[in-house]
Amino acid sequence: MQLLYFAWVRERIGLPRETVETEARTVAELVEELKAREERYAAAFADLSALRVALDQELADFNAPLKDVREVAFFPPMTGG
Amino acid sequence: MQLLYFAWVRERIGLPRETVETEARTVAELVEELKAREERYAAAFADLSALRVALDQELADFNAPLKDVREVAFFPPMTGG
Amino acid sequence: MDIRVQATPFDFGAEAEAFARGQGDMGAVVTFTGIVRDVSGGLVSMEIEHYPGMTEKALETHAREALIRFQLGDVLIIHRFGEMRPGEMIMMVATAAPHRADAFQGAEFLMDYLKSRAPFWKKEIMQTGTDWVAARDEDEDALGRW
Amino acid sequence: MDIRVQATPFDFGAEAEAFARGQGDMGAVVTFTGIVRDVSGGLVSMEIEHYPGMTEKALETHAREALIRFQLGDVLIIHRFGEMRPGEMIMMVATAAPHRADAFQGAEFLMDYLKSRAPFWKKEIMQTGTDWVAARDEDEDALGRW
């Protein structure tokens with residue numbers, strides 16, 4: 001599964017993308033796995049209310065299932081325009 | 001007093017402007033005077049709800065006083081933009 | 001604030017660009033352009049009559065009110081009179097504000113007032129005859145929201 | 001419908017003019033332009049990050065919805081990414097419709113969605129450091145009206 005990070009999430013984790021092997025069934029489970037890995041992940045995911053997630057380039061909830069998902073992106077609320 | 005006519009009011013009356021001497025105290029009185037003059041005026045002023053009036057280039061009511069007014073303009077509802 | 005009432009065509013792109021470029025710390029610019037359209041299929045041209053003197057005054061009054069009410073940084077209004085063919089631009093307004101909601105509201109306010117309170121009258125020259133455009137109730141109603 | 005996500009600057013005047021000219025029987029054209037502004041006085045530049053692929057998809061989805069919902073004749077969206085200096089144009093939208101209310105509403109709808117639902121993130125490069133721009137509650141609230 002491909003993980004993408006944008007804006008300050010990317011900066012805190014220290015990389016723009018990575019490939020992971022996971023058994024997580026939901027985004028929330030994936031986040032728990034990542035937080036357990038290293039301090040920088042724990043810091044980036046400390047406050048989920050400040051984060052958004054997209055599954056295969058569509059906005060989704062943190063309790064959304066990961067079945068068949070190939071690309072998960074984490075980022076702060078968007079500020080375009 | 002200078003009278004100005006625009007759009008179909010001008011076309012019905014047949015002229016864009018004219019100077020009149022009047023004792024009318026309000027726009028409504030002036031309109032009655034004009035209607036009594038000739039059929040084309042009576043036709044132009046037949047339905048006041050289809051008309052607007054400006055006194056010295058400010059929109060006004062038909063019962064507005066004419067004291068010190070120098071320019072009276074009659075026209076249909078505006079359709080700019 | 002720049003208000004122009006003119007018979008000659010204007011260059012919408014150049015005006016919009018110059019207006020937007022001229023804004024110092026205004027982050028949002030909105031423009032509106034009205035174009036002659038041939039709705040019924042037989043329009044030869046559109047003729048716009050206006051009331052010289054009162055037109056400029058009315059536009060200035062509304063522009064000043066928009067500036068204050070929506071805290072705009074700048075306003076541009078250009079309105080043509082005379083004869084125009086389908087596809088020609090009749091008029092434009094542009095507004096600049098720090099935030100987009102004000103720029104949008106300022107432009108809509110100006111358009112609503114310009115439509116029903118500035119002394120312009122449109123006449124359609126059709127292949128089959130001529131017709132003064134009737135004022136639309138919804139244009140008058142639109143003023144109610146301000 | 002024309003949607004462009006690009007690093008290079010765009011020519012607002014030329015784009016606005018071409019868009020307005022290209023409209024057949026649409027009488028109303030609205031444009032919005034967002035410009036980098038130096039609110040605090042120490043802004044060196046603005047950097048916009050985006051999510052290639054998802055950005056285009058999100059903009060297309062919102063443009064299609066606007067077309068249907070407001071019966072627009074056409075929509076143009078241009079949004080830049082990368083580094084921009086104060087005064088540079090970040091993005092523009094343009095809408096065309098038979099009547100002005102739809103053109104305005106279509107443009108406001110697009111802007112509200114673009115602000116909070118298209119994957120762009122702004123970072124301010126100040127003389128004193130850098131800062132990611134925080135999302136504003138009022139931008140999120142603005143979506144409630146649609």
Side-chain angles (χ1 to χ4, degrees), chain A residues 1-20 22 26-28 30-31 34 39-81, chain D residues 3 5 32-37 46-62 77-82 84 89-93 107-124 129-143:
Chain A
M1 181 181 286
Q2 187 80 344
L3 302 190
L4 281 74
Y5 310 116
F6 292 98
W8 58 253
V9 181
R10 171 178 56 69
E11 289 180 341
R12 275 194 210 171
I13 293 176
L15 44 89
R17 58 169 65 220
E18 61 184 317
T19 307
V20 297
T22 177
T26 66
V27 177
L30 173 62
V31 166
L34 292 169
E39 176 50 33
R40 58 198 168 106
Y41 288 94
F45 291 106
D47 177 12
L48 286 192
S49 75
L51 288 182
R52 301 288 179 268
V53 63
L55 302 182
D56 289 331
Q57 307 192 348
E58 298 271 358
L59 286 171
D61 290 327
F62 279 89
N63 50 25
L66 287 180
K67 193 170 180 322
D68 298 330
V69 169
R70 300 166 56 185
E71 187 173 297
V72 180
F74 294 103
F75 43 77
M78 295 157 268
T79 54
Chain D
I3 291 166
V5 181
F32 176 90
T33 321
I35 303 167
V36 179
R37 66 195 183 106
M46 171 86 85
E47 209 178 296
I48 297 184
E49 183 170 333
H50 79 122
Y51 182 171
M54 177 172 168
T55 308
E56 291 81 355
K57 264 199 221 172
L59 294 181
E60 239 182 81
T61 302
H62 300 141
I77 305 176
I78 304 175
H79 204 303
R80 292 179 63 193
F81 58 87
M84 284 154 246
M89 292 177 193
I90 303 168
M91 49 75 60
M92 71 173 286
V93 305
E108 289 182 72
F109 171 91
L110 282 173
M111 284 309 303
D112 285 350
Y113 273 83
L114 200 152
K115 276 267 170 192
S116 311
R117 292 291 181 272
F120 289 104
W121 301 274
K122 290 198 185 98
K123 187 183 201 169
E124 291 182 336
T130 68
D131 215 354
W132 288 98
V133 173
R136 303 192 315 159
D137 286 343
E138 57 208 276
D139 284 333
E140 187 64 33
D141 295 346
L143 294 176

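Throughout, protein chains are lettered first and strands after them, A, B, ... in sequence-line order, and every chain is numbered starting at 1.
Only the side chain of D:Lys57 has a heavy atom closer than 4.5 Å to any heavy atom of chain A. Residue contact with chain D, scored on non-hydrogen atoms closer than 4.5 Å, involves the side chain of A:Ala54 exclusively. For D:Leu114, the parts lying under 4.5 angstrom from a heavy atom of chain A are both the backbone and the side chain. Both the backbone and the side chain of D:Lys115 come within contact range of chain A, judged by heavy atoms closer than 4.5 Å. For chain A, no part of D:Ala58 is nearby; none of its heavy atoms comes within less than 4.5 Å.
Between the side chain of D:Asp139 and the backbone N or O of D:Ser116 there is no donor-acceptor pair closer than 3.5 Å.
Taking the six-membered ring where tryptophan is involved, the planes of A:Phe74 and A:Phe62 are essentially parallel, since the angle between them stays under 30° and well short of 60°.
Under 3.5 Å, the side chains of A:Glu11 and A:Tyr5 contain no donor-acceptor pair of N or O atoms.
Summarising the geometry of A:Thr26 relative to A:Leu66, their closest heavy-atom pair is O-CD1, 3.4 Å, with the distance given to 0.1 Å. Here the closest non-hydrogen pair linking A:Trp8 and A:Pro76 is NE1-CB, 3.4 Å.
The pair D:Lys122-D:Glu49 fails the salt-bridge criterion, with no side-chain N (NZ, NE, NH1 or NH2) lying under 4.0 Å from an Asp/Glu carboxylate O.
Of the listed residues D:Arg80, D:Arg117, D:Arg136, D:Met111, the one with more heavy-atom pairs under 4.5 angstrom with chain A than any other is D:Arg117. Put simply, of D:Tyr51, D:Phe120, D:Phe32, the one with the most heavy-atom pairs under 4.5 Å next to chain A is D:Tyr51.
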